[in-house]
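Read through the structure below, which is laid out as structure tokens, and then see the notes.
Lettering of chains follows the sequences in order, A, B, ..., and the numbering in each one begins at 1.
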2 protein chains.
Amino acid sequence: MDYLTETEANCRAREVLDRVGDKWSVVVLYNLSTGTHRFTELRRAIPGISQRMLTVTLRTLERDGLIRRTVHPVIPPHVDYDLTPLGSTLREIVGALVNWAHDHLEEIDEARTAYDKV
Amino acid sequence: MDYLTETEANCRAREVLDRVGDKWSVVVLYNLSTGTHRFTELRRAIPGISQRMLTVTLRTLERDGLIRRTVHPVIPPHVDYDLTPLGSTLREIVGALVNWAHDHLEEIDEARTAYDKV
DNA sequence: CAGTATCCCGACCGATACTG
DNA sequence: CAGTATCGGTCGGGATACTG
């Protein structure tokens, strides 16, 4: 693993990391890692996300060029979301992150409990 | 890459991802990836972080068992921070994330500009 | 179905001052 | 040096209602 200098790592990269690190982006990207999904599919797949926040998150990811929004002009409306090539370069990292969180949930819970006990 | 079911990926893991994904955690973890650092070293290394937020971030990471805080009882105070074994398991992922952000800054900027122009 | 549009509360976080 | 304490503004984000 190469390490960037402090300046490289911390200055502009922080802006980008803020994006990836907001409340819902990683989960949305993870769900789109498996392929194309519609708005309502994502809403169902992500417990707790509000309609507003799903919209906002999707727009932000689209603006950043990470996902593509495809509108099919039919009635009722049909909109598909999938990863762009740029978004696909995040697939591995996002997957690793979600797997890490899943694998270390209990360790973190234990650490918190131990910390709070003191 | 194995994909977790929606439920596995989204429920409890979201709590953990919120931690990793907050404003400063990734940057602090990244800086500690290179080894032990003192409070003021981190403060200098991370432009824009306030004293308060560095303290809060370090406490949270310590509580979650990701970093270790070592107080040397001398005057003036000397406190070291480094990754725990659990924290070390995040090293690769955090490094990949920071490198990704650094490598794709321009693409994202271009995507934003293009999106905003429409 | 896939959104907009508002309202509004609470937390996040920066600024500042103080301390063992 | 490495914090803690307090204040206050901003804004993330939930709830609700409405629409092409």
Side-chain angles (χ1 to χ4, degrees), chain A residues 10-11 14-29 31-32 35-64 67-82 112 115-116 118, chain B residues 10-11 14-29 31-32 35-64 67-82 112 115-116 118:
Chain A
N10 296 323
C11 283
R14 259 272 342 283
E15 297 173 30
V16 177
L17 289 173
D18 273 357
R19 275 310 144 71
V20 175
D22 75 20
K23 193 175 174 62
W24 299 107
S25 291
V26 169
V27 180
V28 169
L29 288 172
N31 277 273
L32 290 177
T36 300
H37 289 289
R38 301 179 59 170
F39 187 87
T40 304
E41 289 173 357
L42 290 170
R43 188 151 156 64
R44 273 201 314 270
I46 305 174
I49 197 167
S50 64
Q51 195 164 27
R52 172 185 147 78
M53 286 319 297
L54 180 55
T55 301
V56 170
T57 302
L58 289 169
R59 286 295 177 282
T60 304
L61 293 173
E62 186 195 1
R63 176 171 182 256
D64 286 353
I67 67 175
R68 180 179 56 173
R69 179 170 182 267
T70 309
V71 181
H72 303 281
V74 294
I75 296 176
H78 182 142
V79 181
D80 285 325
Y81 294 94
D82 61 354
R112 285 181 195 173
Y115 185 92
D116 292 342
V118 180
Chain B
N10 295 323
C11 285
R14 261 273 341 285
E15 297 173 31
V16 177
L17 289 173
D18 273 357
R19 277 309 145 72
V20 176
D22 75 21
K23 192 175 175 62
W24 299 107
S25 292
V26 169
V27 181
V28 169
L29 287 173
N31 277 272
L32 290 177
T36 300
H37 290 288
R38 300 179 61 170
F39 187 88
T40 304
E41 288 173 358
L42 291 170
R43 190 151 155 62
R44 273 202 313 270
I46 305 174
I49 196 168
S50 65
Q51 195 164 25
R52 173 186 149 74
M53 285 319 296
L54 181 54
T55 302
V56 170
T57 303
L58 289 169
R59 286 295 178 281
T60 304
L61 293 173
E62 186 195 2
R63 176 171 182 257
D64 285 353
I67 68 174
R68 181 179 56 172
R69 179 172 182 266
T70 309
V71 181
H72 303 281
V74 294
I75 295 177
H78 181 142
V79 181
D80 285 325
Y81 293 93
D82 62 354
R112 285 181 194 173
Y115 185 92
D116 293 341
V118 178

Provide, to the nearest angstrom, the distance between the [atom1] atom belonging to [X] and the [atom2] atom belonging to [N].
| X | N | atom1 | atom2 | answer |
| --- | --- | --- | --- | --- |
| R59(A) | dA5(C) | CZ | C1' | 14 Å |
| I46(B) | dC13(C) | CD1 | P | 14 Å |
| M53(A) | dT16(D) | CE | P | 17 Å |
| H37(A) | dA2(C) | NE2 | P | 13 Å |
| L42(B) | dG3(D) | CG | P | 10 Å |
| H72(A) | dG3(C) | NE2 | P | 12 Å |
| H78(B) | dG20(C) | NE2 | C1' | 17 Å |
| I75(A) | dT19(D) | CD1 | P | 17 Å |

Practice prompt. Would you please say whether a donor-acceptor pair under 3.5 Å links the side chains of D80(B) and H37(B)?
Written response: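 No donor-acceptor contact under 3.5 Å links the two side chains.
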Worksheet item: Quick one: on DNA chain C, does P76(B) or T55(A) contact a more 5' nucleotide (nearest heavy atom)?
Response: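 That would be T55(A).
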Discussion item. Can you confirm whether V79(B) sits close enough to H72(B) that some side-chain heavy atom of one is under 4.5 Å from a side-chain heavy atom of the other?
Written reply: no
Using OP1 and OP2 only, check whether a side-chain N or O of [X] sits under 4.0 Å from [N].
| X | N | answer |
| --- | --- | --- |
| R44(B) | dA2(D) | no |
| Y81(A) | dC1(C) | no |
| R69(A) | dG3(C) | yes |
| R38(B) | dC1(D) | no |
| T40(A) | dA2(C) | yes |

Discussion item. Does the plane of the ring in F39(A) sit parallel, tilted or perpendicular to the ring in Y81(A)? Use 30° and 60° as the thresholds.
Written reply: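 It falls in the tilted class, 30° to 60°.
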Discussion item. For dG20(D), give the paired nucleotide (Watson-Crick: N1-N3 plus N6-O4 or O6-N4; G-U: N1-O2 and O6-N3; both under 3.5 Å), or none.
Written reply: dC1(C)
Item to complete: Inspect the surroundings of CZ in R68(B) and state if more than 12 heavy atoms from other residues, nucleotides or ligands are less than 6.0 Å away.
Response: no
Item to complete: Using the closest heavy atom to pick a nucleotide of DNA chain D for each, name whichever of S50(A) or P77(A) lands nearer the 5' end.
Response: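 In this pair, the answer is S50(A).
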Just compare [options] and give me whichever is closest to any side-chain atom of [X].
| X | options | answer |
| --- | --- | --- |
| F39(B) | dA2(D), dC1(C), dG14(D) | dA2(D) |
| Q51(A) | dG3(C), dG13(D), dG3(D) | dG3(C) |
| R52(A) | dG3(D), dT6(D), dG14(D) | dG14(D) |

Discussion item. Within the 4.0 Å heavy-atom criterion, would you say R43(A) contacts the bases, only the backbone, or no part of the nucleic acid?
Written reply: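 No contact.
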Discussion item. As a test of understanding, state which of L32(B), V27(B), T57(B) forms a side chain to side chain contact (heavy atoms under 4.5 Å, CB included) with L42(B).
Written reply: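 For L42(B), the side chain to side chain contact (heavy atoms under 4.5 Å, CB included) check succeeds only for L32(B).
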